[in-house]
Amino acid sequence: RPMNFFVNFLNYMKQLLFTIIILATFVACDKEAEVVPLITNVQENQLNGKVKQMTETKELYNLLGTSTLTTTYYFDEKGFYKIVEEHLFSISENDTVDERRTKVCTFKDPMTIEEVTTNQNGEQIDFITKKIDKKGRVLRIKAPRVKLYFTYNKEGTKATVTSKRSMIEFKGEITYDAKGRMIVEENRMRALFNTAARTAYTYNDKGFEATKVIEDLDSKVETNIYYEYQYDAYGSAIEVKEYKNGKLESVAKRTIEYYK
């Protein structure tokens, strides 16, 4: 039982941090009276123009070998997710992974977004509900075992994220630039052991993420990530290479379809 608790605790931490990083900038289509521009899912994926669909095949390199993650994104005409389909295939000396999952995003009402994820057998494996304000900013995210609450300053340049659950307390702070992009993210978690991390982002001349520096605030160890892009005629990224501390981590190649 202690081992199961520890595994569940680590999974909880992973889910919590992943949710914050990936979902914190999810927005809706109502942009009235906004101070800082909001980023669409199309823009988050280093795409330009009215993208209808994008299929990305990513080769991931690690100590155990190479894994292939194929993801197809379907966007509405305003640049937000409708459906995301993933297929992960990996072979190592001890295991073979062949998993598929589908996420469907719908508006339950103008201020509520639901995301339902199912596996290859059609079984529901995740359900996330997001509450947003009239500017499209996330106010609350509810997921299995995770609830996140967001507050913003008047200018919309800073967000505070909190979560508290029995023995676990989390607080995150996100700073945005004038274009609505994350430039600094700082997360602190108090639990069986405390963790604290700071991530700083820079962007290239097309507005896509150029570098990411992740610092463990306790050990002061830094992880440096940077990206190289190739573009199509619309300025969308059709190839993305990710390097971690100078070593190639992944190569993603994309096929993009635009609305006519």
Side-chain angles (χ1 to χ4, degrees), residues 15 18-56 58 69-87 100-118 124-143 146 148-150 152 156-157 159 161 174 176-182 185 201 203 206-209 229 231-232 234-238 240 252 254-260:
Q15 182 182 27
F18 179 81
T19 300
I20 291 168
I21 294 170
I22 301 300
L23 304 180
T25 56
F26 188 97
V27 295
C29 57
D30 187 349
K31 297 187 178 181
E32 295 180 1
E34 66 186 49
V35 178
V36 173
L38 297 171
I39 305 298
T40 67
N41 299 131
V42 164
Q43 292 171 313
E44 287 178 346
N45 283 280
Q46 303 92 38
L47 302 170
N48 279 319
K50 295 180 71 66
V51 178
K52 182 178 182 180
Q53 177 180 330
M54 187 262 283
T55 298
E56 176 184 82
K58 179 182 289 188
L69 176 63
T70 302
T71 308
T72 300
Y73 302 87
Y74 300 88
F75 304 94
D76 64 22
E77 293 196 54
K78 294 176 181 177
F80 301 100
Y81 292 137
K82 294 194 300 182
I83 299 173
V84 180
E85 299 173 340
E86 292 183 340
H87 178 206
R100 297 177 185 268
R101 61 177 59 190
T102 300
K103 179 173 69 176
V104 178
C105 307
T106 58
F107 278 88
K108 184 178 180 181
D109 59 57
M111 301 299 173
T112 306
I113 303 154
E114 291 185 348
E115 295 183 359
V116 179
T117 304
T118 55
Q124 182 176 308
I125 57 175
D126 201 7
F127 181 81
I128 296 174
T129 302
K130 303 173 190 174
K131 290 289 186 179
I132 59 176
D133 64 13
K134 290 184 178 181
K135 299 176 183 179
R137 303 176 303 189
V138 175
L139 298 177
R140 186 176 78 239
I141 296 175
K142 182 180 179 181
V146 179
L148 299 172
Y149 300 90
F150 295 74
Y152 301 86
T157 56
V161 190
I174 303 171
Y176 303 93
D177 66 11
K179 296 183 178 180
R181 304 172 301 195
M182 283 193 294
E185 178 185 12
Y201 303 83
Y203 299 86
K206 292 187 180 294
F208 300 157
E209 192 173 309
Y229 299 97
Y231 307 98
D232 66 8
Y234 293 89
S236 295
I238 55 174
V240 183
R254 298 159 156 195
T255 301
I256 304 169
E257 178 183 350
Y258 294 86
Y259 282 101
K260 297 180 180 179

Q: List in chain and number order the residues that pass side-chain hydrogen bond (donor to acceptor under 3.5 Å, both in side chains) with Lys131, two or more places apart in sequence or in another chain; answer none if no residue qualifies.
A: Thr112
Q: Please identify each residue that fulfils side-chain hydrogen bond (donor to acceptor under 3.5 Å, both in side chains) with Asn45, with sequence neighbours left out.
A: Tyr81
Q. Mind checking what makes side chain to side chain contact (heavy atoms under 4.5 Å, CB included) contact with Thr255, not counting sequence neighbours?
A. none
Q) What residues form a side chain to side chain contact (heavy atoms under 4.5 Å, CB included) with Thr55, not counting sequence neighbours? A) Gln53, Thr70, Thr72
Measure the [atom1]-[atom2] distance between [X] and [Y] for me, rounded to the nearest 0.5 Å.
X: Met111; Y: Lys130; atom1: CE; atom2: NZ; result: 15.5 Å
X: Ile238; Y: Ile256; atom1: CD1; atom2: CD1; result: 7.0 Å
X: Thr118; Y: Ile125; atom1: OG1; atom2: CD1; result: 7.0 Å
X: Arg137; Y: Ile132; atom1: CZ; atom2: CD1; result: 11.0 Å
X: Phe75; Y: Lys52; atom1: CZ; atom2: NZ; result: 13.0 Å
X: Lys103; Y: Ile128; atom1: NZ; atom2: CD1; result: 6.5 Å

What's the shortest heavy-atom distance between [X] and [Y], and which atoms?
X: Tyr152; Y: Leu139; answer: CE1-CD2, 4.4 Å
X: Phe208; Y: Ala237; answer: CE1-N, 4.2 Å
X: Tyr176; Y: Ala159; answer: CE1-CB, 3.9 Å
X: Thr102; Y: Ile83; answer: CG2-CG2, 3.9 Å
X: Lys82; Y: Asp76; answer: CG-N, 3.7 Å
X: Glu185; Y: Tyr201; answer: OE1-OH, 2.9 Å

**Q.** Tyr149: partners by ring-ring contact (aromatic ring centres under 6.0 Å, His included), with sequence neighbours left out
**A.**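 With sequence neighbours excluded, Tyr149 shows a ring-ring contact (aromatic ring centres under 6.0 Å, His included) to no residue whatsoever.
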Q) Does Tyr258 have any ring-ring contact (aromatic ring centres under 6.0 Å, His included) partners at least two apart in sequence or in another chain, and if so, which? A) Tyr234
Can you check whether [X] reaches [Y] side chain to side chain, under 4.5 Å on heavy atoms?
X: Phe80; Y: Phe107; answer: no
X: Ile39; Y: Arg181; answer: yes
X: Val51; Y: Tyr73; answer: no
X: Glu85; Y: Tyr74; answer: yes
X: Thr71; Y: Lys58; answer: no

Set of residues satisfying salt bridge (charged side-chain N to carboxylate O under 4.0 Å, His left out) with respect to [X], sequence neighbours excluded:
X: Glu86; result: none
X: Lys260; result: none
X: Arg254; result: Glu56

Q: Would you kindly check if the NZ (Lys) or CZ (Arg) of Lys206 is within the cone defined by 45 degrees around the ring axis of Tyr231 and under 6.0 Å from the six-membered ring centre?
A: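 Yes.
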